[in-house]
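If you read the sequence from its start, that first residue is 1, and numbering goes on from there.
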Amino acid sequence: VVKTAGNVNEALKEVTMSTAQRLIEQGAILDKQEVLIKQLSKKFGTTSMDEKMIKSIKDKAKLDAALDEILFAGSKEVVLRALGDQGSYS
């Protein structure tokens with residue numbers, strides 16, 4: 001019984017850690033989305049459609065690519081294109 005309780009306790013710790021890790025990951029994605037929306041809005045202006053599309057992106061690499069583009073981008077479309085097919089306006 002003690003060994004089984006120990007196994008359950010270990011399994012519970014693993015589930016708790018993986019849940020915590022997922023929440024941290026989701027928070028990081030939300031942060032990137034909000035920063036991108038804020039920067040894009042200040043530089044070019046955004047529509048509610050732009051913001052909705054950005055919030056639909058869950059890939060950190062795509063969000064990072066768009067955040068990298070914004071500094072030297074000449075248009076909003078260049079930044080959104082960095083998000084991939086979902087962000088393509090052309």
- Query: What are the two closest heavy atoms between Leu83 and Ala66, and how far apart are they?
  - Reply: CD2-CB, 3.6 Å

- Under the side-chain hydrogen bond (donor to acceptor under 3.5 Å, both in side chains) rule, collect the residues that match up with Glu25, sequence neighbours excluded. Lys60

- Message: Taking Ile70's backbone N and O only, do any of them form a donor-acceptor pair with Lys43's side chain (distance below 3.5 Å, no angle check)?
- Response: yes

Could you pull out every donor-acceptor pair under 3.5 Å between side chains of residues 28-42 and any protein atom, sequence neighbours left out?
| from | atom 1 | to | atom 2 | distance (Å) |
| --- | --- | --- | --- | --- |
| Lys32 | NZ | Asp64 | OD1 | 2.6 |
| Gln33 | NE2 | Lys55 | O | 3.0 |
| Gln33 | NE2 | Ile57 | O | 2.6 |

- Would you say Asp50's side chain and Thr47's backbone share a donor-acceptor pair under 3.5 angstrom? yes

- Spacing of Glu69 atom CD and Ser75 atom OG [to the nearest 0.5 Å]: 9.5 Å

- Task: Mind checking the NZ-OG1 spacing from Lys76 to Thr46? Nearest 0.5 Å is all I need.
- Result: 6.5 Å

- Derivation and outcome, side chain to side chain contact (heavy atoms under 4.5 Å, CB included), residues Ile54 and Leu80: CA-CA 8 Å; Ile54 291 167; Leu80 295 176; 4.1 Å; yes

- Item | Phe72: hydrophobic cluster co-members (side-chain, 4.5 Å) | Leu71

- Contacts of Thr19 that satisfy side-chain contact (heavy atoms from CB on, under 4.5 Å) - sequence neighbours left out: Val15, Arg22, Leu23

